[in-house]
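Here's the structure we're looking at; comments come further down.
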Amino acid sequence: QGGSGLIGRTRLFRPDVTSDCKSDGKVVIEITVNNQGKVVNAKKGRGTTAIDQCLIDLAKDAAMKFKWNSDANAPDEQHGVIEFNFSFGG
């Protein structure tokens, strides 16, 4: 749950993610981060193995809460991915 692809950026905040969903799997979320470090878009990405919409929605909501450092020299939009691994009952 880090955030790869955001070259030159430092993650400042990662939310705690607890699942009440009754399934497990990996959810890859593609994110867009603005130059102020805010996630402005999040969508399910390639490599997702989870089929439960509950997990996908949980991961998208969590991804929107991530925060990176502000950088006036960064592009208006940077793209990266966050991977969430959920296990049911473990």
Side-chain angles (χ1 to χ4, degrees):
Q1 295 181 1
S4 63
L6 299 171
I7 297 169
R9 303 304 281 275
T10 302
R11 187 185 69 224
L12 301 177
F13 178 75
R14 181 187 79 186
D16 290 329
V17 181
T18 304
S19 171
D20 291 328
C21 303
K22 307 280 190 260
S23 61
D24 56 16
K26 175 174 72 172
V27 180
V28 177
I29 300 294
E30 297 176 3
I31 58 169
T32 304
V33 177
N34 67 14
N35 60 3
Q36 276 141 23
K38 180 179 169 132
V39 178
V40 295
N41 190 37
K43 65 180 182 178
K44 182 179 82 167
R46 293 179 59 185
T48 295
T49 62
I51 58 172
D52 187 345
Q53 191 64 42
C54 177
L55 292 178
I56 295 165
D57 291 343
L58 179 64
K60 285 187 347 187
D61 289 346
M64 292 298 293
K65 295 175 183 170
F66 274 67
K67 181 80 174 158
W68 277 266
N69 66 305
S70 178
D71 183 351
N73 296 320
D76 289 340
E77 293 185 343
Q78 266 182 296
H79 302 278
V81 296
I82 302 171
E83 184 176 301
F84 297 87
N85 290 292
F86 298 102
S87 64
F88 177 62

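Quick note: numbers below take in every heavy atom, side chains included, and nothing from hydrogens, waters or symmetry partners.
- A 4.5 Å side-chain heavy-atom check between Val33 and Leu6 finds at least one atom pair inside the cut-off.
- In this structure, Ser23 contributes its side chain and Asp52 its backbone to no donor-acceptor pair below 3.5 Å.
- To the nearest 0.5 angstrom, Thr32 atom OG1 is 7.5 Å from Lys43 atom NZ.
- Separating the CG atom in Asn85 from the OG1 atom in Thr49 is a distance of 7.5 Å, to the nearest 0.5 Å.
- Remark: side-chain polar atoms of Thr48 are paired, donor with acceptor, to backbone N or O of Val28 under 3.5 angstrom.
- The distance from the CG atom of Asp24 to the CG atom of Leu55 is 7.5 Å, given to the nearest 0.5 Å.
- Inter-residue side-chain proximity for Phe86 and Leu58 is flagged as met; some heavy-atom pair is nearer than 4.5 Å.
- Here the CD atom belonging to Glu30 is positioned 11.5 Å from the NZ atom belonging to Lys60, to the nearest 0.5 angstrom.
- Distance check, rounded to the nearest 0.5 Å: SG of Cys54 to NZ of Lys22 gives 8.5 Å.
- Distance CE/Met64 to CG/Asn41: 7.0 Å, rounded to 0.5 Å.
- Heavy atoms of other residues, nucleotides or ligands lying less than 6.0 angstrom from NZ of Lys67 number more than 12.
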For this session: Run the numbers on Asn35 and Asp71 for side chain to side chain contact (heavy atoms under 4.5 Å, CB included), then give the verdict.
Result: CA-CA 5 Å; Asn35 60 3; Asp71 183 351; 5.6 Å; no
For this session: Step by step, work out the side chain to side chain contact (heavy atoms under 4.5 Å, CB included) result for Arg11 and Phe66.
Result: CA-CA 8 Å; Arg11 187 185 69 224; Phe66 274 67; 3.7 Å; yes
Problem set entry | side chain to side chain contact (heavy atoms under 4.5 Å, CB included) between His79 and Glu77, intermediate numbers included | CA-CA 7 Å; His79 302 278; Glu77 293 185 343; 4.1 Å; yes
For this session: Could you go through the side chain to side chain contact (heavy atoms under 4.5 Å, CB included) check for Trp68 and Leu12 one step at a time?
Result: CA-CA 5 Å; Trp68 277 266; Leu12 301 177; 5.7 Å; no
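- Shortest non-hydrogen contact noted between Val39 and Ala63 is CG2-O, 3.4 Å.
- Connection of Ile82 to Val17 is established within a shared hydrophobic cluster, with ILVMFWY side chains joined at heavy-atom distances below 4.5 Å, either directly or through further cluster members.
- In terms of modelled atom types and a separation under 3.5 Å, the side chain of Gln78 and the main chain of Ile7 share a donor-acceptor contact.
- Here the side chain of Arg9 pairs a donor or acceptor atom with the backbone of Asn69 at under 3.5 angstrom.
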